[in-house]
Student: 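Starting off with a structure, shown below.
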Amino acid sequence: MCTNRIIVLIDMDCFYCQVEENLNANWKGKPLAVVQYNQWRGGGIIAVNYPARDQGVTRHMRGDEARKKCPDIILAKVPQVRGKADISKYRDAGKKVADVLVTFTQQLERASVDEAYLDITNIVDKRIQEGNDIITRAQLPNTLVVGSTTEGFIENVTQNRTFDEYNFKLALGGVIAEEIRRKVLEVTGYKCSAGIAHNKILAKLVCGLHKPNKQTILPQEAVPQLYAEIPLKKVQGLGGKFGNKIMQRLGVKFMGEVTKFSQNELGKIFDEKSASWLYNIARGIDNEPVNARLVSKSIGSCKQFAGRAALCEKQEIEHWLNELAEDICERLTKDMKENNRKAHQIVVNFGQDDEVHSSKSYPMNSYDKGRIVSNGLKIIEKYCAKSDGTYRITFLGLSAGNFQEFKKGNEITSFFKNMQNNAINRKSIENVSALTNAENIADDNDSIYSRTTEEDSSIDTDSLIFYENINPESVTRDNCLNTAAAESIMNEVNCDISRDSIREEINTYEGISPMQTDEFENNEKPQESFFIKYFSTHFKSDLDTLKSNSDCEDTNCNDKSLDSDCSIQCSYCEKTIVSSEYQTHLDYHFALNLVKNESEPIMNPRAQSSRKKPVSPKKVSKKKVKDQSQKPLDAFFKNIRVIQDESSEVCKECHKAVPISELDIHKDYHLAKKLHFEINEKQQSKGVKRKLHEPKGILGFLQSSTTL
DNA sequence: CATGGTCAAATG
DNA sequence: CATTTGAC
């Protein structure tokens, strides 16, 4: 059925202008436009408010033209940072709006900085179930309906609600949309418009019918009369070449005319997919789901250098790469804090002369401006240098993507999920490495995940152990590393512990261990949690290895042409690990062991086979662990149960109940967490040149704090 | 120089 | 993976 969903498109009215108006009280109500790069002909207009639109000012005008049309117009300038227009102000404002929208439903797709789709079907159904479904005119004060008056529509749906269920739901959707818009205004001070329909395309189309600060409902049966007067190019997806082709080949101008063509006829003109899409859209049918997504999938920064402004010298290119890298690094760092994730890929975009833009991507494992710039420069050199050594770069861009949730995760489920994602990602990085390795460009071309070349091109089994356990087709009780497994194990143990307790434990494992390690070694404080004991005994040898390797900057990491991390040998599997990946690698062992939950705490699946035994550090830690807890997970859960039996106090910092005996540790944890963040930050802001990249995560923290 | 800078998704 | 398209 094409009418079973209720979709709302929220679109902020001339958003950038509203942001400026709310920041400058005396601009309210006056004609205003937002301009960027205001030096040339008054700058380019990127937003116009409604008073200014009334005077004929439009986008695509320069500031000077706007002033001619409307002499008293206020031209708000987008600040310029690092030679580029800085739109962070509007990004932040957009996020505030999105934060309000998610409180209504998680079924939210941010379509741009100022637009979002919401699937409110569930909210509507719930209200009907609860009987909270009386619809009055007063609840739809700023609502219009395509094809009828709002009053008529309300009367119709309330009288025929059993025969006209879908329109009743649309009306209720309208009520909810009014509430959403009211809430957005109340919390953020921004006005918006909305479209309410049965799918995204229609909601979007109809949202633009009445603006600003209004919303429009589209009953499905009103589609034909709406389409009759809607230019085809107004429909989402038909504004470009495809729309032109349709108009030309079908000889149509309005959307409604497309229904004259059968699916077969369309199939002869367009490819299969386009044809059936068009056929459906022409009938108001669009099954595209609202893809729940709050945050962007990539963060990029780019700039044009048109015509004479083209970059011709390496120094210029490096300068701009630097500006772009600074921009994305700043935003990536912010993103990491806000969204608990890290980008693992970076794309260098460039355009030369009148050629089409090109792009090259490579894996990235740290937000290091210096390395991003030098790698970018290598790519530009390789692909853009002319025979005489000069350049003509007309476009330059950097974009980071392939985000994965940060290991410093919040729940045990995401902890395991990350292990899975990371491993999958490595598999793809592996392919990249094969390409970039030879060219000495990639960050990670010497990582353990690069497959060694073999004459018969079969898969290297040593590499395989890093993801064999997560192959969805071969998930077993023993070897899987995914969320389902973690949860089933939790069920098996039949624990009645809350997620918060687990999260607390995981965080403790991540944050507090340095202090606890010291204390543990001093044989004080016997009440550490399992994770702390586990870590401080189990990973101590690796810490030592790491420390002894800390001078490798002067030894094996001095290759001038190679921009890579220095490596460490893992004492559990003897693999050579890039130091910046070492934490991840250890986490892998950690999680693997945790999931196994068997009597023998073997860290490496390989060791179970007939392969030769690992070297001594492993034996040491293995023995220690055996003494303390033979079944890590059991011990972990047991530990928590004990804790929960005690009386507890609410922590002022996080407002969670903490057992009295754990209160000191808990407070230390908050302190450690803060420290941990600071250290991470320092690592990023350091303009490191050919210097050992300090390990991230807990080892980084350990090393920093123990060498201080 | 002259909308420009950011995004996402489809496609080969 | 790189390119193209489309939209704000």
Side-chain angles (χ1 to χ4, degrees), chain A residues 9 11-12 14-16 33-48 58-66 78 80-88 90-91 94 109-117 200-201 204 207-208 233-245 271-274 277 288 291 293 295-311 323-324 327-328 331 345 347-351 354-363 379 383 392-402 428-436 442:
Chain A
L9 184 271
D11 186 17
M12 307 309 292
C14 53
F15 190 46
Y16 288 12
V34 176
V35 296
Q36 60 185 7
Y37 302 122
N38 52 316
Q39 61 275 47
W40 188 71
R41 310 224 303 186
I45 292 177
I46 54 176
V48 186
T58 64
R59 264 158 61 108
H60 285 105
M61 278 181 184
R62 307 299 305 191
D64 290 350
E65 302 170 63
V78 178
Q80 215 161 318
V81 176
R82 293 187 277 266
K84 290 183 70 237
D86 174 27
I87 57 169
S88 54
Y90 314 113
R91 274 198 198 101
E109 176 179 336
R110 273 195 90 181
S112 75
V113 68
D114 73 333
E115 272 188 11
Y117 292 95
K200 291 209 287 189
I201 295 274
K204 169 71 183 168
C207 176
K233 301 205 75 176
K234 292 282 175 196
V235 174
Q236 183 92 339
L238 301 183
K241 294 183 181 180
F242 185 42
N244 283 335
K245 186 178 173 186
D271 65 88
E272 175 64 38
K273 221 181 158 187
S274 302
W277 181 84
E288 266 302 300
N291 299 305
R293 185 173 43 74
V295 292
S296 65
K297 293 179 176 177
S298 66
I299 289 179
S301 183
C302 59
K303 186 166 171 63
Q304 292 193 140
F305 305 94
R308 220 179 63 246
L311 309 178
E323 307 285 66
L324 300 174
D327 184 8
I328 63 165
R331 284 160 60 198
Q345 185 193 50
V347 185
V348 181
N349 274 283
F350 53 89
D354 50 354
E355 288 173 24
V356 288
H357 292 178
S358 306
S359 68
K360 297 288 160 193
S361 67
Y362 64 93
I379 287 172
Y383 293 97
R392 196 163 183 290
I393 300 295
T394 58
F395 177 81
L396 209 50
L398 294 174
S399 173
N402 190 4
S428 69
I429 284 175
E430 209 178 314
N431 299 328
V432 182
S433 297
L435 292 172
T436 49

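Residue numbers begin at 1 in each chain, while the letters A, B, ... track the order of the sequences.
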Student: Please report, to 0.1 Å, the donor-acceptor pairs under 3.5 Å made by any side chain of residues 296-306 of chain A, with sequence neighbours excluded.
Tutor:
residue, atom, partner, partner atom, Å
A:Ser296, OG, A:Ser298, O, 3.1
A:Ser301, OG, A:Lys84, NZ, 2.7
A:Ser301, OG, A:Asp327, OD2, 2.7

Student: Any non-hydrogen side-chain atom of A:Tyr383 less than 4.5 Å from a side-chain atom of A:Val348?
Tutor: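 The answer is no, as the side chains (C-beta and beyond) never meet within the 4.5 Å cut-off.
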Student: Roughly, in whole Å, what's the span from CD in A:Gln304 to P in B:dG4?
Tutor: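 Going from CD in A:Gln304 over to P in B:dG4 covers 5 Å.
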Student: So does A:Ser112 get a backbone contact from the side chain of A:Glu115, meaning a donor-acceptor N/O pair under 3.5 Å?
Tutor: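 Checked: no pair found.
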Student: Per the atom types in the model, does the base of B:dT3 pair as donor or acceptor with the side chain of A:Arg59 at under 3.5 Å?
Tutor: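 Between B:dT3 and A:Arg59, which were checked side chain against base, a qualifying N/O pair under 3.5 Å is present.
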Student: Between B:dC7, B:dT3, B:dA2, which nucleotide gets closest to the side-chain atoms of A:Arg331?
Tutor: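 Nearest to the side chain of A:Arg331 among the choices is B:dC7.
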Student: Taking only the side-chain heavy atoms of A:Ser296 (C-beta and beyond), determine which of C:dG6, B:dA8, B:dA2 contains the nearest atom.
Tutor: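 Taking heavy atoms from C-beta onward, the closest nucleotide is B:dA8.
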Student: With nearest nucleotide decided by heavy atoms, which residue, A:Ile45 or A:Phe395, maps closer to the 5′ end of DNA chain B?
Tutor: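 Closest to the 5' end, via its nearest nucleotide, is A:Ile45.
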Student: Is there aromatic stacking of A:Trp40 against B:dA2, centre distance under 5.5 Å, plane angle under 30°?
Tutor: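 Stacked: centres under 5.5 Å apart, planes under 30°.
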Student: Please determine, for the side chain of A:Ser361, which listed nucleotide (C:dC8, C:dC1, C:dT3) has the closest atom?
Tutor: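 Out of C:dC8, C:dC1, C:dT3, the nucleotide with an atom closest to A:Ser361's side chain is C:dC1.
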Student: Tell me which nucleotide among B:dC7, C:dA2, B:dT3 gets nearest to the side chain of A:Ser298.
Tutor: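 Of B:dC7, C:dA2, B:dT3, B:dC7 is nearest to the side chain of A:Ser298.
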Student: If you look at every strand shown and take non-hydrogen atoms under 4.0 Å, does A:Thr394 touch a base, only sugar-phosphate, or nothing?
Tutor: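 No contact at all - A:Thr394 keeps every heavy atom at 4.0 Å or more from the nucleic acid.
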Student: Which listed nucleotide (B:dG5, C:dT3, B:dA9) is nearest to the side chain of A:Lys297?
Tutor: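 Selected nucleotide: B:dA9.
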Student: So which nucleotide from C:dT4, B:dA9, C:dC1 ends up closest to the side chain of A:Gln345?
Tutor: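 The answer is C:dC1, which lies nearest to the side chain.
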Student: Can you figure out which of C:dA2, B:dC1, B:dA9 approaches the side chain of A:Ala306 most closely?
Tutor: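 Among C:dA2, B:dC1, B:dA9, the one nearest the side chain of A:Ala306 is B:dC1.
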Student: For a quick check of understanding: with a heavy-atom distance under 4.0 Å over all strands, which category does A:Ser399 fall into, base, sugar-phosphate or nothing?
Tutor: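 Contact class for A:Ser399: none.
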Student: Classify A:Gly397 by what it touches in the nucleic acid, base, sugar-phosphate, or nothing, heavy-atom distance under 4.0 Å.
Tutor: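 Since no nucleic acid heavy atom lies under 4.0 Å of A:Gly397, the category is nothing.
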Student: Rounded to whole angstrom, note down the C1' distance from B:dT3 over to C:dA7.
Tutor: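 Per the computed distance, 14 Å lies between those C1' atoms.
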Student: Taking atom C1' of B:dC7 as reference, at what distance in whole Å does atom CZ of A:Arg91 sit?
Tutor: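 In whole Å, B:dC7 C1' lies 10 Å from A:Arg91 CZ.
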Student: Reckon A:Ile299 touches a base, only the sugar-phosphate, or nothing at all at heavy-atom distances under 4.0 Å?
Tutor: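 Counting heavy atoms under 4.0 Å across all strands, the contact made by A:Ile299 is with sugar-phosphate only.
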Student: Are A:Ser359 and C:dA2 close enough that a side-chain N or O sits under 4.0 Å from OP1 or OP2?
Tutor: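 A:Ser359 to C:dA2 OP1/OP2: no side-chain N or O under 4.0 Å.
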Student: A:Val356 near the nucleic acid: base, sugar-phosphate alone, or nothing, with a heavy-atom cut-off under 4.0 Å?
Tutor: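 Sugar-phosphate contact only - A:Val356 comes under 4.0 Å of backbone atoms but never of a base.
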Student: Which part of the nucleic acid does A:Phe242 contact within heavy-atom distance under 4.0 Å: base, sugar-phosphate only, or nothing?
Tutor: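 It contacts sugar-phosphate atoms only.
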Student: Using modelled atom types only, decide if a donor and an acceptor are shared between the side chain of A:Arg62 and the backbone of A:Trp40 within a distance under 3.5 Å.
Tutor: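 Present.
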Student: For A:Arg91, give me all partners under salt bridge (Lys or Arg N to Asp or Glu O under 4.0 Å), at least two apart in sequence or on another chain.
Tutor: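 Once residues adjacent in sequence are excluded, A:Arg91 has no partner under the salt bridge (Lys or Arg N to Asp or Glu O under 4.0 Å) criterion.
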Student: At 4.0 Å (heavy atoms only), tell me whether A:Tyr37 reaches a base, stays on the sugar-phosphate, or touches nothing.
Tutor: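 Sugar-phosphate: the residue A:Tyr37, judged by heavy atoms under 4.0 Å, touches backbone atoms but no base.
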Student: Tell me: NZ of A:Lys204 to P of C:dG6, nearest whole Å?
Tutor: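 Rounded to the whole Å, the gap is 16 Å.
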Student: Within the 4.5 Å heavy-atom criterion, are A:Tyr37 and A:Gln80 side-chain neighbours or not?
Tutor: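 Contact flag for A:Tyr37/A:Gln80 side chains = yes.
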Student: Return the nearest nucleotide to the side chain of A:Gln236; candidates are C:dA7, C:dT5, C:dT3.
Tutor: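 Comparing C:dA7, C:dT5, C:dT3 against the side chain of A:Gln236, the answer is C:dA7.
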Student: Fit a plane to each ring of A:Trp277 and A:Phe242, take the angle between them on a 0 to 90° scale, and name the class: parallel (under 30°), tilted (30 to 60°) or perpendicular (over 60°).
Tutor: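 The arrangement is tilted - the two ring planes meet at 30° to 60°.
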Student: Which nucleotide wins on minimum distance to the side chain of A:Ser112, given the candidates C:dC8, C:dT3, C:dA2?
Tutor: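 Nearest nucleotide to the side chain: C:dC8.
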Student: How many Å lie between CZ on A:Arg82 and P on B:dG4, as a whole number?
Tutor: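 A:Arg82 atom CZ is separated from B:dG4 atom P by 21 Å.
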Student: Between A:Arg59 and A:Ile46 (side chain of the first, backbone of the second, donor and acceptor by atom type, cut-off under 3.5 Å), is there such a pair?
Tutor: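 Yes; judged by distance alone, with no hydrogens or angles, the pair exists.
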Student: Atom OH of A:Tyr117 and atom P of B:dA9: how far apart are they, to the nearest Å?
Tutor: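 Roughly 12 Å, once rounded to whole Å.
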Student: Figure out the CZ/C1' separation between A:Arg110 and B:dA8, and round it to whole Å.
Tutor: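 Distance check: A:Arg110 CZ to B:dA8 C1' gives 14 Å.
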Student: Between B:dT3, C:dG6, C:dA7, which one does the side chain of A:Ile46 approach most closely?
Tutor: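 Ranking B:dT3, C:dG6, C:dA7 by closest atom to the A:Ile46 side chain puts B:dT3 first.
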Student: Nearest-Å distance, CG (A:Asn38) to C1' (B:dA2)?
Tutor: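 Distance, rounded to whole Å: 14 Å.
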Student: Nearest-Å distance, CD1 (A:Ile328) to P (B:dG5)?
Tutor: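 Distance check: A:Ile328 CD1 to B:dG5 P gives 16 Å.
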Student: Polar-atom pairs under 3.5 Å, protein N or O versus N or O of nucleotides 10-12 of chain B: list them with distances, or write none.
Tutor:
residue, atom, partner, partner atom, Å
B:dT11, OP2, A:Lys273, NZ, 3.3

Student: A:Tyr16 and side chain to side chain contact (heavy atoms under 4.5 Å, CB included): which single residue from A:Val113, A:Val48, A:Ile45 fits?
Tutor: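 So, applying the side chain to side chain contact (heavy atoms under 4.5 Å, CB included) to A:Tyr16 and each of A:Val113, A:Val48, A:Ile45, only A:Val113 qualifies.
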